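The structure displayed is predicted, hence computed values, not measured ones. Start at 1 with the first residue, then count along the sequence. The analysis underlying the following values was restricted to heavy atoms, covering all of them including side chains, and did not include hydrogens, waters or symmetry mates.
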Amino acid sequence: MPAFYRRRLQALRGQFERHRVEAFLVTHLPNIFYLCGFTGSSGALLVELDSATLITDRRYTTQAREEVHLARVRMAPRGLLTAVAGLLAGRRLTLAFEAAHVTVAQRAELARRLGRPVRLRGVAGWVEALRARKDADELERMRAAAALASQIWTELLPLVRPGVRELELAAEIEYRMRQAGASGPAFDTIVASGPRAALPHGRATAKPLQKNELVVFDWGAILRGYCSDLTRTVFLGRAPARIRKWYDAVRAAQQAACAMLRPGVAAEAVDAAARDVLRQHGLARYFTHSTGHGLGIEVHEEPRLARGQKTRLEAGQVVTIEPGIYLPGIGGIRIEDDLAIAPEGATQLTHAPRELLEL
């Protein structure tokens, strides 16, 4: 039985005395996976000071007993919240719950079923804060997910040519990721060409690629429960001088942000480093999103590398660095890599070539 589940549950229980609660109801599925290993689509995890109970339905009887570590498994034939109320019936305690992942209607139902002896307290970020710092097992999984995504880029390049539709290339990326062992894409694969490349999240369409245009690719794999996230930009044909200049500016912005990654640095300082480089090139107004984000079980986790984010970086965090510029009517350029923050700095997890490719 992996020892990390015990460490995670004990770290979570450290919040109980500090916040004067006796139990915590976890309903966000990625958090449940992190704490006990369950990967089903329906579940709740009740964590108490000396025990943990996973509640799910009969579709997952076998799966839960195979996957779940350090938690009892209980079936909920009449619904998850009914089962939670049954486990706590007649007890007087304070129950914390994930405020961001429980609807108003669910909270009202929980309060009604539990009655007055149980006090409810909405909290935020307890498990997410633990998830932000990856342990050795998580870092190994993320290196593998990043290596898989990098490998796909090498395989895809011979297929990128005028006339091929964006959707065909997106499908090829996702097919090859699954062939290589991924359970699926970390998000809807982005292939955006020509003027559509100016859309930061331009999902693939039936548009054929054309000569003399930019193409942005953004993809990621889920491998053993953990995500990678990688972006590259190519030019179909011989790139004009202004495209080369813009690309070099974005690459310099990414390098500047990567150089800032070390424990103790404020998240906003990483964002500022990329933004300052683009400002020097007169391109800052075309950079319309944050410089990066945490990565792990979900493709967007803490910390957020953006303006106004005072959070200090810590060793064990994995983040993306992805500055980009988006010029309406022309196209866009984005370069994104995954990096793990270590005590001495940061190490690169993705290794696809970063120079401008002219295809």
Side-chain angles (χ1 to χ4, degrees), residues 1-131 183-184 222 224-225 296-298 301:
M1 179 183 299
F4 52 71
Y5 289 116
R6 189 179 305 279
R7 291 195 298 270
R8 292 169 187 177
L9 286 168
Q10 287 304 106
L12 177 62
R13 290 180 178 120
Q15 298 277 12
F16 286 18
E17 183 176 357
R18 192 176 309 126
H19 294 275
R20 298 182 180 180
V21 305
E22 290 75 42
F24 180 38
L25 182 62
V26 186
T27 52
H28 188 43
L29 290 171
N31 289 344
I32 292 173
F33 169 69
Y34 176 78
L35 292 169
C36 73
F38 180 61
T39 64
S41 64
S42 174
L45 183 67
L46 180 64
V47 181
E48 301 182 70
L49 282 169
D50 56 0
S51 68
T53 305
L54 175 77
I55 304 155
T56 186
D57 62 63
R58 295 193 185 280
R59 292 174 298 168
Y60 298 108
T61 301
T62 301
Q63 179 179 332
R65 297 190 191 283
E66 290 176 348
E67 291 182 339
V68 173
H69 300 272
L70 295 178
R72 298 171 297 184
V73 176
R74 295 289 182 270
M75 295 300 125
R78 293 186 297 276
L80 299 178
L81 297 185
T82 300
V84 171
L87 288 171
L88 297 177
R91 297 169 60 183
R92 185 176 298 276
L93 53 78
T94 299
L95 173 67
F97 65 92
E98 297 182 293
H101 305 293
V102 172
T103 66
V104 172
Q106 288 171 332
R107 188 194 188 286
E109 181 184 353
L110 193 58
R112 178 176 62 81
R113 292 188 180 280
L114 289 170
R116 289 186 177 180
V118 176
R119 296 179 297 277
L120 293 176
R121 180 175 301 167
V123 301
W126 284 10
V127 183
E128 287 82 356
L130 299 177
R131 283 172 47 192
S183 58
I222 303 173
R224 296 171 59 202
I297 294 170
E298 295 179 279
E301 296 189 355

- Message: Go through it in stages, so that I can follow the logic: the residues are L46 and L95, the test is side-chain contact (heavy atoms from CB on, under 4.5 Å), and I'd like the CA-CA distance, side-chain angles, deciding distance and then a yes or no.
- Response: CA-CA 9 Å; L46 180 64; L95 173 67; 3.8 Å; yes
- Query: Among side-chain atoms of R13 and Q10, is any donor-acceptor pair under 3.5 angstrom?
  - Reply: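 On atom types as modelled, these side chains qualify, holding a pair under 3.5 Å.
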When rounded to the nearest 0.5 angstrom, what distance separates [atom1] in [X] from [atom2] in [Y]?
| X | Y | atom1 | atom2 | result |
| --- | --- | --- | --- | --- |
| R20 | L93 | CZ | CG | 16.0 Å |
| E66 | Q63 | CD | CD | 8.0 Å |
| L25 | L120 | CG | CG | 9.0 Å |
| Q106 | T27 | CD | OG1 | 7.0 Å |
| I55 | L81 | CD1 | CG | 8.5 Å |
| L9 | H69 | CG | NE2 | 11.5 Å |

Applying salt bridge (charged side-chain N to carboxylate O under 4.0 Å, His left out), can you list everything that pairs with [X], at least two apart in sequence or on another chain?
| X | value |
| --- | --- |
| E298 | R131 |
| R59 | D57 |
| E67 | none |

- Message: Please evaluate residues T56 and V68 with respect to the criterion side-chain contact (heavy atoms from CB on, under 4.5 Å), reporting the C-alpha separation (whole Å), side-chain torsions for both, the decisive distance (0.1 Å), and the verdict.
- Response: CA-CA 11 Å; T56 186; V68 173; over 6 Å; no
- Query: So which pairs with a foot in residues 22-49 pass ring-ring contact (aromatic ring centres under 6.0 Å, His included), sequence neighbours left out?
  - Reply: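 Non-adjacent pairs meeting ring-ring contact (aromatic ring centres under 6.0 Å, His included): F24-W126, H28-H101, F38-Y60.
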- Message: When you measure from the centre of the six-membered ring of Y5, is the NZ or CZ of R8 closer than 6.0 Å and no more than 45° off the axis?
- Response: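 That pair qualifies as a cation-pi contact.
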- Non-neighbouring partners of S51 that pass side chain to side chain contact (heavy atoms under 4.5 Å, CB included), sequence neighbours left out: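 Applying side chain to side chain contact (heavy atoms under 4.5 Å, CB included) to S51 gives E48, R72.
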- Task: State which residues pass side chain to side chain contact (heavy atoms under 4.5 Å, CB included) with L49; sequence neighbours excluded, sorted by chain then number.
- Result: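 If we apply the side chain to side chain contact (heavy atoms under 4.5 Å, CB included) test to L49, skipping adjacent residues, the hits are F16.
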- Query: So which heavy atom on L130 is nearest to which on A11, and how close?
  - Reply: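 What the structure gives for the nearest pair is CD2-CB, 3.8 Å.
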- Task: Under the side-chain contact (heavy atoms from CB on, under 4.5 Å) rule, what do H19 and V123 come out as? Steps first, then yes or no, please.
- Result: CA-CA 10 Å; H19 294 275; V123 301; 5.7 Å; no
